[in-house]
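Quick note on labels: first sequence line is chain A, next is B, and so on, each numbered from 1.
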Amino acid sequence: MNIELRNIEFAYDKTPVLQNINGRIEPGQFVALVGPNGSGKSTLIKCINGILRVQKGEVLLDGNNLETYGSNRLSQKMAYVPQTEQKAVPMSVFDAVLIGRKPYIRFKPAKRDMEITADILERLNLASVAMRDVNKLSGGQQQRVFIARALAQEPEILLLDEPTANLDLKYQVDVLKLLGSLTRQGITVVMAMHDINLAAMYSRQVMMMKEGQLFASGGKEIFTAENVEKLYDVHVETIHKNGTVYIVPDRIHSI
Amino acid sequence: MKSTELVQDYSRYRSRRILFILLVFLGIIIVGMYAVVVGAAGISFGDIFRVFTGTGDPVSEQIILNIRLPRVLAALLAGLALSASGTVMQSLLRNPLASPFTLGISGAAAFGASFAIVFFGSAGFVLFPWLSDQYLVMFSAFAWSMVSTGFILAIARYRGATPEVMILAGIAIGSLFGAGVSALQYVATDVELAAIVFWMFGDLGRAAWDDVLVLSLLLFPILIYFSLKAWSYKALQSGDEFARSLGVNAFRVRLTGMLAASLATAVVVSFYGIIAFVGLVVPHIVRRCIGGDDSFLIPASALFGALFLLLSDTVARTLFSPVILPVGILTSFIGAPLFLFLLLKGMGRGYWS
């Protein structure tokens, strides 16, 4: 299902966090949301999910306002992976992922719920740790558990808030590859990210945010040195290698 | 591993947890029967059988039906209430230190009881002629604990029902009422002071059929409510925003859950005084045995708490027989070292394990 953002505004108390956000995301798109800390990436993700209510404008899913979907139906369409959990959940991996089936469960999980959960654990290479406590897993495995839990909702849209934060390089690549494979199955992925080079490598659509506004949006081609310098207020240089452009902080100004 | 095998593995894991619940239930039946038999006055299993078939002698009938049985049931119900409340509060507040007394309930109840003892001591009959002294103290303890609960829930409504706000507000309210109790103790006469101190020991010797009936009428709806909300509580354990993304109204679920848990606790405390540690430690013991999935943890903790309190009370009755200790003293004596042991054993495993 497609997502349309129309003139979104959001403020905590009186401090404006999001202003005048417009955009459109097609099904199966892989969107990277980049921008400095405090630019409103997390807030935008929460607004798209309905965790926060926009104060002006609207979020449309397939042309219908978000609020016309009941909260349960919404959670069958769209899943959210929060930024690192403050405390791991004190239960087994299977139990934790099964929570993602909540929108489909009234009281007791059906066989189908367990089968879907097992299938996802299998796909995400978590089967061997399924009966272990979540809080005994490594950071990378925990992040996969939280993605698995979101996938158990069988969503059409997956929203992730910095899914690769706190992960080493290998796990970052693993997670991004996994998300890429999900988009090929038609799931829309929207993720907030800090590493612009990784974002450029894996995503297909980019939304750059600065001070609560959409600074630029488009395809990967908007990852230019000029845009990045303005976005983060740093000097950068570009490295061209094998037809790919890498953006790194300028050595002279950074040291 | 194939996913069908994984489903089988998980089904077995679920069955093991159900088995745990059944074993605890069996334990309750066995210890319950033993607790009716054991005590200063000699009763045999044969006497129980004869009393229930209507052929017992009047003395054992009196002891079984009016002394032992209500006490056993009161221990079970109070343990059930305190442990279920503790489990739910720990999940809702995402804090291993949360207990049925988190919202300052014990302090407020103690204040309420002292208040009634000091101010209505003998005047109680004049002001409320339909209430006996004992009921007046009970009622005042309950009313004040609901005042404290209501106050904290009001703060939570105003300031956002985050775990941090509720825990800190509970601590503040608890110490406020603690100071209130000290002040009342300071102005109390010797007799009143003794009554206050005596009230504060949790003691199941006060159990009677009336309060057993009230407790069960109140508890069963609350336990059913907790079980129905187990999936929401599980979602809340991973944070409010995640819970909201699953369609859980974090604010409302936390507020009503805390209210229900506080209500159950307040009733137990106003009937039997402060029984410490059951609500704090039992959820941790059970979480260690069967994990932190609320669907299983809530019923298992509730039953295990019932068993724990019944065992403690039976030990309290028989340890220095014919002298009977208040169970509130014993639960702390058993509970505190057990808690320390769990804490030491849990080192390096993350404190939520």
Reported [atom1]-to-[atom2] distance for the pair [X] and [Y], which is rounded to 0.5 angstrom:
| X | Y | atom1 | atom2 | result |
| --- | --- | --- | --- | --- |
| B:Arg16 | A:Met131 | CZ | CE | 8.0 Å |
| A:Gln76 | B:Leu246 | CD | CG | 10.5 Å |
| A:Ser128 | B:Leu6 | OG | CG | 9.5 Å |
| B:Asp294 | A:Asp95 | CG | CG | 10.0 Å |

Shortest non-hydrogen contact from [X] to [Y]?
| X | Y | result |
| --- | --- | --- |
| A:Gln153 | B:Ser245 | NE2-O, 4.0 Å |
| A:Ile99 | B:Ala235 | CG2-CA, 4.2 Å |
| B:Ser11 | A:Met114 | OG-SD, 4.2 Å |
| A:Leu98 | B:Trp231 | O-CZ3, 3.6 Å |
| A:Ala118 | B:Val7 | CB-CG2, 3.6 Å |
| A:Ile51 | B:Glu241 | CD1-O, 3.5 Å |

Can you confirm whether more than 12 heavy atoms, excluding those of [X], are under 6.0 Å from its [atom1] atom?
| X | atom1 | result |
| --- | --- | --- |
| B:Tyr158 | OH | no |
| A:Glu115 | CD | yes |
| B:Phe151 | CZ | no |
| B:Phe20 | CZ | yes |

Under a 4.5 Å heavy-atom cut-off, does chain A meet the side chain of B:Ser232, its backbone, both or neither?
both

Proximal component of B:Arg17, with respect to chain A [non-hydrogen, under 4.5 Å]
side chain

For the pair A:Lys102 and B:Val248, evaluate side-chain contact (heavy atoms from CB on, under 4.5 Å) and give the outcome as yes or no after the intermediate values.
CA-CA 10 Å; A:Lys102 185 187 177 295; B:Val248 175; 3.6 Å; yes

Partner chain B: residue of A:Pro109, A:Ala96, A:Gly50, A:Gly70 with the largest heavy-atom pair count (under 4.5 Å):
A:Pro109

With chain B as the partner, which of A:Leu74, A:Asn72, A:Val81, A:Ile105 has the greatest number of non-hydrogen pairs under 4.5 Å?
A:Ile105

Does any part of the side chain of B:Ser295, heavy atoms only, come nearer than 4.5 Å to the side chain of A:Phe107, both counted from C-beta?
no

Should A:Leu121 and B:Tyr10 count as side-chain neighbours, where that means a heavy-atom distance under 4.5 Å?
no

Need one label for A:Asn49: side chain, backbone, both or neither, based on atoms under 4.5 Å from any heavy atom in chain B.
side chain

